[in-house]
Amino acid sequence: MSQTGEAIKKRILAVDDDVIILTRISSILRSDYELITINSGMRALRYLELERPDLILLDIRMAQMDGIETLRKIREMESRKDIPVIMLTGVESRDIVIESAKLGICDYLLKPFSSVALLERVNRVFEQQEKEEEEQ
């Protein structure tokens, strides 16, 4: 709880080069979470040098640096490597799922996704975190 008595919102970083997807994610999550939207992997890495979100939603197909390469670089950041990541993609590829899993994603969501599906996945990550914190 903050000093004003309000619960501190979890911070989610959404990374996608499609402004429509970022707008959709924002409209779904902004009432329950603090949401930061970034439109490239390179910008996301610069943001992560300064800030630590509680969760990252990361698109796989992006120009310049794709989501897999961005995730590799996040996992190389000592103080950021344990941030949970949900991968987002419009392409259903077993190889991409396997590659993402090797890099330690906690979930995978195909586009187009429903509001319910996105909220369920995000909530599941935070519920799991809370359970793990209670067990420690």
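Heavy-atom basis, side chains included; hydrogens, waters and symmetry copies ignored.
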Verdict with supporting geometry, Y33 and L55, side-chain contact (heavy atoms from CB on, under 4.5 Å): CA-CA 10 Å; Y33 301 100; L55 173 66; over 6 Å; no
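Put simply, the side chain of K111 never gets that close to the backbone of I21: no donor and acceptor are under 3.5 Å apart. No donor-acceptor pair under 3.5 Å is formed between the side chain of R11 and the backbone N or O of E51. Side chain of N123 to backbone of L119: a donor-acceptor contact under 3.5 angstrom is found. Without hydrogens or angle criteria, R30 side chain to L35 main chain gives no donor-acceptor distance under 3.5 Å. Side-chain N or O atoms of S26 include none that pairs as donor or acceptor with a backbone N or O of L22 at under 3.5 Å. For the pair R43 (side chain) and I38 (backbone), a donor-acceptor distance under 3.5 Å is absent. Side-chain atoms of D54 do not come within 3.5 Å of backbone N or O of I12 as any donor-acceptor pair. In this structure a side-chain-to-backbone donor-acceptor pair under 3.5 Å is missing from R121 to V116.
Environment of CE in M65: crowded, with over 12 heavy atoms of neighbouring residues, nucleotides or ligands closer than 6.0 Å. Annotation: I98, atom CD1; neighbour count of heavy atoms from other residues, nucleotides and ligands within 6.0 Å is above 12.
Inspection of the E132 and Q128 side chains reveals an N or O donor paired with an N or O acceptor under 3.5 Å.
Neither L110 nor I28 shares a network with the other; the hydrophobic side chains, linked directly or stepwise wherever heavy atoms of I, L, V, M, F, W or Y lie under 4.5 Å apart, form separate groups for each. In terms of hydrophobic clustering, with Ile, Leu, Val, Met, Phe, Trp and Tyr side chains grouped at heavy-atom distances under 4.5 Å, L13 and M87 are assigned to a common cluster.
Closest approach of D82 to R52, counting heavy atoms only: OD1-NH2, 2.8 Å. Of all heavy-atom pairs spanning L58 and G67, the tightest one is CD2-O, 3.3 Å.
V15 places none of its side-chain heavy atoms less than 4.5 Å from the side chain of D59. In this structure, N39 and V19 have side chains that are not in contact, with every pair of non-hydrogen atoms separated by 4.5 Å or more.
Under the 4.0 Å criterion applied to side-chain N and carboxylate O atoms, K9 and D32 are not assigned as salt-bridge partners. Salt-bridge check for R72 with E69: passed, with a basic side-chain N closer than 4.0 Å to an acidic carboxylate O.
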